[in-house]
Undergrad: 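Structure below; questions to follow.
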Amino acid sequence: MKINANYKNLNESYLFSTIARKVNEYKAANPQKEIIKLGIGDVTLPLVKPVVDALKKASDEMGVKETFRGYDDQIGYPFFKEAVAAYYKKKNVTLSHNEIFISDGAKSDIGNIVDIFGKDNTVLVPDPVYPVYVDTNIMDGRKIVYIAASKENGFLPLPDNKISADIIYLCSPNNPTGAAYNRDQLKLWVDYALSRGAVILFDAAYECFIADKALPSSIYEIEGADKCAVEFCSFSKTAGFTGVRCGYTIVPESLIADGVSLNKLWRRRQSTKFNGVSYIIQRGAEAVFSKDGQSEILRNIEYYMKNAGLIDNALEKKGVYHTGGKNSPYIWLECFDGRESWDFFDYLLNTCGVVGTPGGGFGETGKYFFRLTAFNSYENTRKAVEKLSAL
Ligand code: MLT
């Protein structure tokens, strides 16, 4: 038996597992010290009431013969796909049920979609980047080329015609930098992909945090994207589903690559390897789109964005270069005193008990940067900001 030798090319542990281990070690050595976690983008507010009610009701239905459900053989129930389609309609994007695939979150689908692509494709990823895009391609042995996101381009790199790529990963608002593309910038990416016959894998997991309504919240708001882009979205950050698990992936029927419908390939892949999201969870997620659900999750999003504003303002006041925090729950800042990001991680943890994510964990360009999240409580965020300001 031989293992997939590509795994030998991965970092020994996944970024957030390494951070969790370091924090646990620190906690064990300093049990009396307070720790404020602004590291992994995990939410802290509970599920909103309309979602909880829908989950309970659906659970009850599962205990009654007439309303019990078994396999979901359509990769998403029609009632839920209808709710997703209606949400996109508000963005002036028309989707058929066939184009919507319900998932257990963006990470799984982003990781799994590479199954339908040849291993000899060249992959283009911005650097810094959400590690899943890189790791899943390393696992398959694909060639990866990087395009630098930096202070010079405001952490929003644009296509370079000298770079040849077949698969392009974009995330806007971005994880980790919090920077968000405008329409003209996204159009340049769509045109680049169309001109090369490349496919864009667009991660829209943070779309609900866009406050500036002039910014696109779906790549399908850009003309031509339905012929070159797959979009991934999730309820994790939108509605506190990190522990519930639900998301959706859009694969347009008009997306043809290598002479084949990617929609058909993805359906083939999913119907073989995935048995769908439970009825109960889909009912809970459907409630996110209800009138009450929308107004309650908006309140939670505003709560997190108030935290983001606290961090953003403090850094602004101190003249620390940073991006994000305005249309994103992530703030990406330059490490103080020219420190390297893992050193900065230890420094913050040891001096003030604040946990963030070292930029170097997202790629070479992040080596002197650091990511903070707005997902902790207001009180803890304020405390962390005071400690950081004092530093
Ligand atoms: C992050 O912190 O980057 C995210 O929470 C990771 C994820 O969503 O998988």
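All ligand and atom numbering here is 1-based and tracks the order in the structure. If you're wondering where the values come from, they're calculated on a predicted model, not measured in any experiment.
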Undergrad: Is ligand 1 under 4.0 Å from a heavy atom in the side chain of Phe375, in the backbone, in both, or in neither?
TA: neither
Undergrad: Quick test: of every protein heavy atom, which one is nearest to atom 6 (C) of ligand 1, and how far off is it to 0.1 Å?
TA: Tyr130 CE1, 3.7 Å
Undergrad: Please report whether the ring centroid of Tyr169 lies less than 6.0 Å from that of Tyr130.
TA: no
Undergrad: Aromatic contact between Tyr378 and Tyr304, with the criterion being ring centroids under 6.0 Å apart: yes or no?
TA: no
Undergrad: Checking Asp42 against Thr242: is there a side-chain donor and acceptor pair closer than 3.5 Å?
TA: yes
Undergrad: Ignoring hydrogens and geometry beyond distance, is a side-chain donor-acceptor pair present between Glu61 and Tyr279 at under 3.5 Å?
TA: yes
Undergrad: Check the side chains of Thr18 and Ser13 for a donor-acceptor pair under 3.5 angstrom, ignoring hydrogens and angles.
TA: yes
Undergrad: Taking 4.0 angstrom as the limit and counting only heavy atoms of Phe16, give me the atoms of ligand 1 inside it, by number and element.
TA: 1 (C), 2 (O), 3 (O)
Undergrad: Should you measure from each heavy atom of Ile40, which atoms of ligand 1 turn up under 4.0 Å away?
TA: 2 (O), 5 (O)
Undergrad: Run the numbers for me: atoms of ligand 1, each under 4.0 Å from some heavy atom of Gly41, listed by number.
TA: 1 (C), 2 (O), 5 (O)
Undergrad: Do Lys151 and Tyr321 form a cation-pi contact, if we require the NZ or CZ to be under 6.0 Å from the six-membered ring centre and within 45 degrees of the ring's axis?
TA: yes
Undergrad: Please report whether ligand 1 has a polar contact with Lys237, defined as an N or O pair separated by less than 3.5 Å (distance criterion only).
TA: yes
Undergrad: With heavy-atom distances below 4.0 Å as the criterion, list the atoms of ligand 1 near Tyr330.
TA: 1 (C), 2 (O), 3 (O), 4 (C), 5 (O)
Undergrad: For ligand 1, which is the ligand I care about here, please tell me if Arg371 has any N or O atom under 3.5 Å from one of the ligand's N or O atoms.
TA: yes
Undergrad: One residue to check: Asn175. Relative to ligand 1, which of side chain, backbone, both or neither has a non-hydrogen atom less than 4.0 Å away?
TA: side chain
Undergrad: Classify the ring geometry of Phe289 against Tyr248: parallel below 30°, tilted from 30° to 60°, perpendicular beyond 60°.
TA: tilted
